[in-house]
2 protein chains.
Amino acid sequence: MPRKRLTREESREQTRLRLLDAAAVSIAKKGLAATSVEDIAAQAGYTRGAFYSNFKSKTDLFIELLKRDHQSIQEDLQRLLDADMSSEDLQKQLTLFYAQAYRDHTSYVIWAEARLHSVRDAKFRQRLNALCLEKRDVIAYFILQFCKRMKMPLPGPAPDLALASMALIDGILYFNTSMPNELPDAAAEALLGTIFSRTFFGAQA
Amino acid sequence: MPRKRLTREESREQTRLRLLDAAAVSIAKKGLAATSVEDIAAQAGYTRGAFYSNFKSKTDLFIELLKRDHQSIQEDLQRLLDADMSSEDLQKQLTLFYAQAYRDHTSYVIWAEARLHSVRDAKFRQRLNALCLEKRDVIAYFILQFCKRMKMPLPGPAPDLALASMALIDGILYFNTSMPNELPDAAAEALLGTIFSRTFFGAQA
DNA sequence: GAATTCAAATACAACACTGTATTAGAGTTC
DNA sequence: GAACTCTAATACAGTGTTGTATTTGAATTC
């Protein structure tokens, strides 16, 4: 097997990536607090030395992890919303987005972990909020365009409606995931459909 | 000060209560994982001995804590919903309820912590879901009664609508709390008002 | 009021985690 | 290819946590 000889920079980058991936797995499985630096390093196939040589601290790594995830979510979201604005329903787009974003479950847990962490750490909260607001703005813009195109009056401030969408989808996704018998996929989708269409069209689903 | 001489049972109960209260505070502040048994005991004014003599483990205590909180929430909720069914708006009732339930912030954090924990522990998840569903049913019943009284057709299955209400309120409360400048109280209320009234009345707010 | 029973304190042994300081061994430069 | 410069491994010192085993002292029983 002709293993490529890596340059020092490439090698370092690879280590960073592996550590980040390992952290995501471990944090999703055991939680941020219960995940030790050692866990992360070991999971990635290194020792703690590698970790500290690449990150200042566990929190430091966690923030990088969130940023990375956020970036990828943002890209997916943009692509999705840009794709076909001709679509009749806001709901499907947004739902699809979430199904997409949280497809691997790891992502969901990491953000839940982040929200919880942000309750306790003001500095962290600021950073997390900044990320959330970026997402909100993308969605708000979409809602705005959508209503304009449909010649519907906005039922409220677009940014607030965007937050509500995020809140609703997130919460419903939680129930859907944690009690799939009570709220199976179909019911969750129908529920979102009802609320979205009634909210935006003001009328029948 | 004539301090009442406690019976053995009373004393034990007092210790349990103090430990539970202390745990709530500590868990809200630092998180479940970061809270040691020692922290809890010390916070309550005891040593670890007292803890282990009253609870099997930290998880054990945590579940008791949730049960206790749930019970008190359920009672508040029942009282609120039973009180004056003549009210015109579902939204105010439910919003009020949450403002009530999460009044002290500790409660919110504990439940967020619980949800996260439930992702990782199937047994725990079952127990948590049971509590959630109890709450859902109370709300669902209220929604049902409300729509009947208003002579409105239900826009969907009442239990699902109840879950959606919980999801929405929870999420919006999170934004409202963590970024009060972006979503101040008034905006959060207005937002809930818009969505609820549009969902249930199908028409203008 | 002596014997008992039980809640809670204390002592203890094992272990996990952190972060730094030092070392080894590659990659890089000349 | 020798000197160097990094990355990551290893060693280590300090601290925190857990759960059990034992002890103390107060409440209860007779």
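Per chain, numbering begins at 1; letters A, B, ... match sequence-line order.
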Asker: Can you identify which nucleotide, out of C:dT18, C:dA8, D:dA8, has its nearest atom closest to the A:Ser53 side chain?
Answerer: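 Selected nucleotide (nearest to the side chain): D:dA8.
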Asker: Give me the ring orientation class for A:Tyr108 and A:Tyr174: parallel if the planes are under 30° apart, tilted from 30 to 60°, perpendicular past 60°.
Answerer: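 Geometry flag for A:Tyr174 against A:Tyr108: parallel rings.
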Asker: Return the 5'-most residue of the pair B:Lys56, B:Glu9 with respect to DNA chain D, ranking by each residue's nearest nucleotide.
Answerer: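 Closest to the 5' end, via its nearest nucleotide, is B:Lys56.
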Asker: Look at atom NZ of A:Lys148 and say whether more than 12 heavy atoms of other residues, nucleotides or ligands are closer to it than 6.0 Å.
Answerer: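 Atom NZ in A:Lys148 is not crowded, with 12 or fewer foreign heavy atoms closer than 6.0 Å.
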Asker: It should be established whether A:Thr15 places a side-chain nitrogen or oxygen under 4.0 Å from OP1 or OP2 of nucleotide D:dA8.
Answerer: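 It does, given that an N or O in the side chain of A:Thr15 lies less than 4.0 Å from OP1 or OP2 of D:dA8.
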Asker: May I ask you to say whether A:Asp170 pairs ionically with A:Arg115, meaning some side-chain N is under 4.0 Å from a carboxylate O?
Answerer: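 So A:Asp170 pairs with A:Arg115 through a salt bridge.
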Asker: Rounded to whole angstrom units, what separation is found between the CZ atom of B:Arg18 and the P atom of C:dA7?
Answerer: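 Interatomic distance, CZ of B:Arg18 to P of C:dA7: 16 Å.
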Asker: Heavy atoms from C-beta onward define the side chain here; which of D:dA9, D:dT28, C:dA9 lies closest to that of B:Thr7?
Answerer: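 Nearest listed nucleotide: D:dT28.
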Asker: Using a cut-off of less than 4.0 Å, is there contact between a side-chain N or O of A:Ser11 and OP1 or OP2 of C:dG27?
Answerer: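 Result: no.
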Asker: Using a heavy-atom cut-off of under 4.0 Å over every strand shown, decide if A:Thr47 touches base, sugar-phosphate, or nothing.
Answerer: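 Counting heavy atoms under 4.0 Å across all strands, the contact made by A:Thr47 includes a base.
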Asker: Figure out the CZ/C1' separation between A:Phe51 and D:dT7, and round it to whole Å.
Answerer: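 Answer to the nearest Å: 15 Å.
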Asker: Determine the minimum heavy-atom distance between B:Arg198 and A:Phe201, stating which atoms define it.
Answerer: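 Taking every non-hydrogen atom into account, NH1-C, 4.3 Å.
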Asker: B:Ile40 CD1 to D:dG16 C1': how many Å, rounded?
Answerer: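 It works out to 15 Å between those atoms.
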Asker: Rounding to a whole Å, what distance do you find between B:Leu32:CG and D:dT18:P?
Answerer: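 Result: 11 Å.
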Asker: Which of the following nucleotides, C:dA7, C:dA9, C:dC12, is nearest to the side chain of B:Arg12?
Answerer: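 Of the candidates, C:dA7 comes closest.
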Asker: Indicate the atoms forming the closest heavy-atom contact of A:Cys132 with B:Met179, along with that distance.
Answerer: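 Where A:Cys132 meets B:Met179 most closely, the heavy atoms are CB-CE, 3.9 Å.
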Asker: Tell me: OH of B:Tyr52 to P of C:dT10, nearest whole Å?
Answerer: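 Rounded to whole Å, this separation is 17 Å.
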Asker: Taking for each residue the nucleotide of DNA chain C with the nearest heavy atom, is it A:Asp39 or B:Gly45 whose nucleotide lies nearer the 5' end?
Answerer: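 Looking at the nearest nucleotide for each, B:Gly45 comes out on the 5' side.
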Asker: What's B:Tyr46 touching, base or sugar-phosphate or nothing? Going by heavy atoms closer than 4.0 Å.
Answerer: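 Sugar-phosphate contact only.
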Asker: If you assign A:Asn54 and B:Thr35 each to the DNA chain D nucleotide with the nearest heavy atom, which residue ends up on the more 5' nucleotide?
Answerer: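 The residue mapped nearer the 5' terminus is A:Asn54.
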Asker: Rounded to whole Å, how long is the line connecting atom CD of A:Glu13 with atom P of D:dC6?
Answerer: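 The answer, rounded to whole Å, is 17 Å.
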Asker: Specify the separation, in whole Å, of atom CZ of B:Phe55 and atom P of D:dG19.
Answerer: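 Interatomic distance, CZ of B:Phe55 to P of D:dG19: 14 Å.
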Asker: On DNA chain C, compare the nucleotides closest to A:Glu38 and A:Gly49; which residue's is nearer the 5' end?
Answerer: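 Its nearest nucleotide lies further toward 5', so the answer is A:Glu38.
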Asker: Where the side chain of A:Ala50 is defined as all heavy atoms beyond and including C-beta, which of C:dT20, C:dC17, D:dA8 is the nearest nucleotide?
Answerer: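 For A:Ala50, the side-chain atoms sit closest to D:dA8.
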Asker: Roughly how many Å is it from CZ in B:Arg48 to P in C:dA7, rounded to a whole number?
Answerer: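 These atoms are roughly 19 Å apart.
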